[in-house]
Amino acid sequence: MISNTLRRLALAALLSFTTAVDAVAEDGPAKQLFGAQALPTVGAPQSAGFYAKGCLAGGVALPVDGPAWQVMRLSRNRRWGHPRMIALLERLARDSAAKDGWPGLLVGDISQPRGGPMLTGHASHQVGLDADIWLTPMPKRRFTNDEREKVEATSMLRGDTLYVDPDKWTSSRTALLKRAASYPEVERIFVHPGIKKKLCDSVQGDRGWMAKIRPYWGHYYHFHVRIRCQPGSPNCKPQAPIGADDGCGKSLAWWFTDEPWRKAPEPAKPVKPKVTMLSDLPKACAMILNAPGPKSADEVTYGAGAKVAQPAAAGTPATAYAPEAGDLPEGVPAQ
């Protein structure tokens, strides 16, 4: 348990982010500014903004290797997240191995050290509350760093169709998705529409968890876990509740029409892509970008000696948060 003094310091750091008015960093393309950050800020964790338009303070790293996980694509430096996101990944790895027989997680992108837009790939993953997990099981041996860059994940689809290959899909993959959806902090899990259909056609008994499984473009070789905004992040913008429907009706049938896959008509005149600037993000992101960081990644790697002050839920004492305790492009309707 931390002292009242430390709690006051954490609160002061939080207020400095949330009440700042003047930007302290020079404006520029946000993806270049945040993509250049090698380490997170130090201090209390805070997600600022929306999943596809925000940033992260106080992020921590998922260790490259764990007893039931390995991090892939290390050169991207995207193994960072809110401490509760990292804790959930470690818990899912342990639980799925011990209770479901899944060999271990191959973890893809989480977030950059300070979140924000990425130079390549995702529109989301900006506030430390999203993570990609491959549907390829972890092998018994450890990959070399070179292999982590080159090994390809296995598509779950049959050829160029929208449907799952029955020779690839297994009940253990269904169990893995159900396990991830069982955690209350998980709000959404994005998968390819074909995977959602496979679940709709095959899951018997309890189907309540399937409301969290959301069909979306891509996600045919991995699933995307998204957790809710966490305590201590007043500027985190949540998504609307998903409801209790299992999602196996008309909303799923739409994905198997031509409309979702129809190419947009070419504009009469070339349209210059809009570049997201730092000034387009929440004001706190300018301060987060310029805030001091640790001396090394080891100091802020979760479960490896890092001491992370986690704001507690209302009415509970603040404690040190320890391991034992989808992509949504702008302009696309939320899933």
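Counting begins at 1 with the first residue of the sequence.
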Participant: With a 4.5 Å heavy-atom cut-off, do T301 and R79 have their side chains touching?
Facilitator: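 Result yes, sub-4.5 Å side-chain heavy-atom pair found.
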
Participant: Can L176 be reached from V71 by stepping across I, L, V, M, F, W or Y side chains whose heavy atoms are under 4.5 Å apart?
Facilitator: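 Both belong to a single hydrophobic cluster.
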
Participant: For the side chain of D27 and the backbone of L278, is there at least one donor-acceptor N/O pair under 3.5 Å apart?
Facilitator: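 It does hold such a pair.
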
Participant: Listing request: all ring pair (Phe, Tyr, Trp, His ring centres under 6.0 Å) pairs with a residue in residues 136-164, at least two apart in sequence or in separate chains.
Facilitator: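 For residues 136-164, and leaving out neighbouring residues, the ring pair (Phe, Tyr, Trp, His ring centres under 6.0 Å) pairs sorted by first residue read Y163-F256.
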
Participant: Same cluster or not: I227 versus I189, using hydrophobic residues (I, L, V, M, F, W, Y) connected whenever any side-chain heavy atoms lie under 4.5 Å apart?
Facilitator: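 Same cluster: I227 reaches I189 through Ile, Leu, Val, Met, Phe, Trp or Tyr contacts under 4.5 Å.
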
Participant: Closer than 3.5 angstrom, by distance alone: can the side chain of R228 be matched with the main-chain N or O of P184 as a donor-acceptor pair?
Facilitator: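 Such a contact is found between R228 side chain and P184 backbone.
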
Participant: With distance as the sole test, does Q126 use its side chain to make a donor-acceptor pair with the main-chain N or O of G54 at under 3.5 Å?
Facilitator: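 Yes: the side chain of Q126 pairs with the backbone of G54.
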
Participant: Taking salt bridge (Lys or Arg N to Asp or Glu O under 4.0 Å) as the cut-off, I'd like each qualifying pair that reaches into residues 58-70, sequence neighbours left out, listed once.
Facilitator: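 Matches after skipping sequence neighbours: D65-R142, D65-R148.
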
Participant: Taking all non-hydrogen atoms of both residues into account, name the closest pair between L105 and L89 and its distance.
Facilitator: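 Looking at all heavy atoms of both residues, the closest pair is CD1-O, 3.8 Å.
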
Participant: Quick one: closest heavy-atom pair of G243 and A211, and the distance?
Facilitator: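 For G243 versus A211, the nearest heavy atoms are O-CB, 3.7 Å.
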
Participant: Would you say the side-chain atoms of T154 and W134 include a donor-acceptor pair closer than 3.5 Å?
Facilitator: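 Distance-only check fails for T154 and W134.
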
Participant: Are L88 and W102 linked, directly or through intermediate hydrophobic residues, by side-chain heavy-atom contacts shorter than 4.5 Å (ILVMFWY only)?
Facilitator: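 Yes, same cluster.
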
Participant: Starting from the C-alpha separation in whole Å, work towards a yes-or-no answer on side-chain contact (heavy atoms from CB on, under 4.5 Å) for V164 and K197.
Facilitator: CA-CA 8 Å; V164 164; K197 179 171 174 54; over 6 Å; no

Participant: Walk me through it: do M210 and K196 pass the test side-chain contact (heavy atoms from CB on, under 4.5 Å)?
Facilitator: CA-CA 9 Å; M210 288 173 56; K196 174 70 175 186; 4.2 Å; yes

Participant: So if I apply the salt bridge (charged side-chain N to carboxylate O under 4.0 Å, His left out) rule between D246 and each of R214, K212, R207, which one comes out positive?
Facilitator: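 The single option meeting the salt bridge (charged side-chain N to carboxylate O under 4.0 Å, His left out) with D246 is R207.
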
Participant: Nearest 0.5 Å please: distance from the CH2 atom of W80 over to the CD atom of Q37.
Facilitator: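 Here the interatomic distance stands at 11.5 Å.
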
Participant: Could you pull out all donor-acceptor pairs under 3.5 Å where a side-chain atom in residues 258-266 meets a protein atom, sequence neighbours excluded?
Facilitator:
{"residue": "E259", "atom": "OE1", "partner": "W254", "partner atom": "NE1", "Å": "3.0"}
{"residue": "W261", "atom": "NE1", "partner": "W255", "partner atom": "O", "Å": "2.8"}

Participant: Show your working on side-chain contact (heavy atoms from CB on, under 4.5 Å) between D206 and K178 and close with a plain yes or no.
Facilitator: CA-CA 10 Å; D206 173 29; K178 183 177 181 180; 4.1 Å; yes

Participant: Y302 and A87: which non-hydrogen atoms are nearest, and at how many Å?
Facilitator: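 Scanning both residues completely, I find the closest heavy atoms to be OH-CB, 3.3 Å.
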
Participant: By side chain to side chain donor-acceptor pair (under 3.5 Å), which residues pair with T120, not counting sequence neighbours?
Facilitator: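 Expected list: R78.
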
Participant: If I compare all heavy atoms of S124 with all of D130, which pair ends up nearest, and what's the gap?
Facilitator: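 What the structure gives for the nearest pair is CB-OD2, 4.2 Å.
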
Participant: Minimum heavy-atom separation for D245 and G247, please, with both atom names.
Facilitator: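 Looking at all heavy atoms of both residues, the closest pair is OD2-N, 2.7 Å.
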
Participant: Does the side chain of K274 come within less than 4.5 Å of D280's, by heavy atoms?
Facilitator: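 Counting from C-beta outward, D280 and K274 do come under 4.5 Å.
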
Participant: What distance separates E90 CD from W69 CH2, expressed to the nearest 0.5 Å?
Facilitator: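 Those atoms lie 3.5 Å apart.
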
Participant: Restricting to pairs with a member in residues 112-153, which pass disulfide bond (SG atoms under 2.5 Å apart), not counting sequence neighbours?
Facilitator: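 Passing the test, one end in residues 112-153: no pairs.
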
Participant: Would a 4.5 Å heavy-atom cut-off, applied to side chains only, mark D132 and H122 as touching?
Facilitator: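 D132 reaches H122 side chain to side chain.
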
Participant: Among residues two or more places apart or on two chains, list those pairs meeting salt bridge (Lys or Arg N to Asp or Glu O under 4.0 Å) that have a residue in residues 167-176.
Facilitator: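 Those involving residues 167-176 do not exist here.
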
Participant: If we ignore hydrogens and angles and just use 3.5 Å, is the side chain of E149 paired with the main-chain N or O of L74 as donor and acceptor?
Facilitator: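 Yes, because the side chain of E149 sits within donor-acceptor range (under 3.5 Å) of the backbone of L74.
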
Participant: Should L92 and I133 count as side-chain neighbours, where that means a heavy-atom distance under 4.5 Å?
Facilitator: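 In short, these two side chains touch, coming nearer than 4.5 Å.
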
Participant: Just wondering, do W169 and I195 contact through their side chains at under 4.5 Å, heavy atoms?
Facilitator: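 Yes, close enough: below the 4.5 Å cut-off.
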
Participant: Indicate yes or no for a side-chain donor-acceptor contact from R114 to the backbone of L39 under 3.5 Å, with no hydrogens or angles considered.
Facilitator: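 Answer holds: yes.
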
Participant: Within the supplied structure, the quantity of interest is the number of heavy atoms (other residues, nucleotides, ligands) at a distance under 6.0 Å from Y221 OH; does it exceed 12?
Facilitator: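 Not buried by this count: 12 neighbours or fewer within 6.0 Å.
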
Participant: Mind checking whether N77 and P113 have side chains closer than 4.5 Å, heavy atoms only?
Facilitator: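 In contact.
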
Participant: Hey, is the main chain of V127 close enough, under 3.5 Å, to the side chain of S47 for a donor-acceptor pair?
Facilitator: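 Yes: the side chain of S47 pairs with the backbone of V127.
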
Participant: Specify the closest pair of heavy atoms between W209 and L177, including all atoms of both residues, with the distance to one decimal.
Facilitator: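 Scanning both residues completely, I find the closest heavy atoms to be CZ3-C, 4.1 Å.
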
Participant: Contact between F50 and P282 at the side-chain level, heavy atoms closer than 4.5 Å - yes or no?
Facilitator: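 No. Closest side-chain heavy atoms not under 4.5 Å.
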
Participant: Following the transitive rule for hydrophobic clusters with a side-chain heavy-atom cut-off under 4.5 Å over Ile, Leu, Val, Met, Phe, Trp and Tyr, establish whether Y220 and L106 coincide in one cluster.
Facilitator: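 Looking at the clustering, L106 is in the same group as Y220.
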
Participant: Are M156 and H192 close enough, and set up right, to give a side-chain contact (heavy atoms from CB on, under 4.5 Å), and what steps lead you there?
Facilitator: CA-CA 9 Å; M156 295 291 105; H192 187 276; over 6 Å; no

Participant: What is the ring orientation for H219 with H222, classed by angle as parallel under 30°, tilted 30 to 60°, or perpendicular over 60°?
Facilitator: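 Tilted, since the angle between the ring planes falls between 30° and 60°.
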
Participant: Looking at side-chain heavy atoms only, is the closest gap between L281 and K53 below 4.5 Å?
Facilitator: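 Counting from C-beta outward, L281 and K53 do come under 4.5 Å.
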
Participant: Report the residue from H82, R84, Q46 that forms a side-chain hydrogen bond (donor to acceptor under 3.5 Å, both in side chains) with Q230.
Facilitator: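 Of the listed residues H82, R84, Q46, the side-chain hydrogen bond (donor to acceptor under 3.5 Å, both in side chains) partner of Q230 is R84.
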
Participant: Using the salt bridge (charged side-chain N to carboxylate O under 4.0 Å, His left out) rule, take R179 and D100 through it: C-alpha gap first, then chi angles, then the decisive distance, then the call.
Facilitator: CA-CA 8 Å; R179 179 68 57 189; D100 305 316; 2.9 Å; yes

Participant: Say whether L56 and V60 are linked into one hydrophobic cluster, either directly or through other cluster members, by side-chain heavy-atom distances under 4.5 angstrom.
Facilitator: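 No, no single cluster joins them.
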
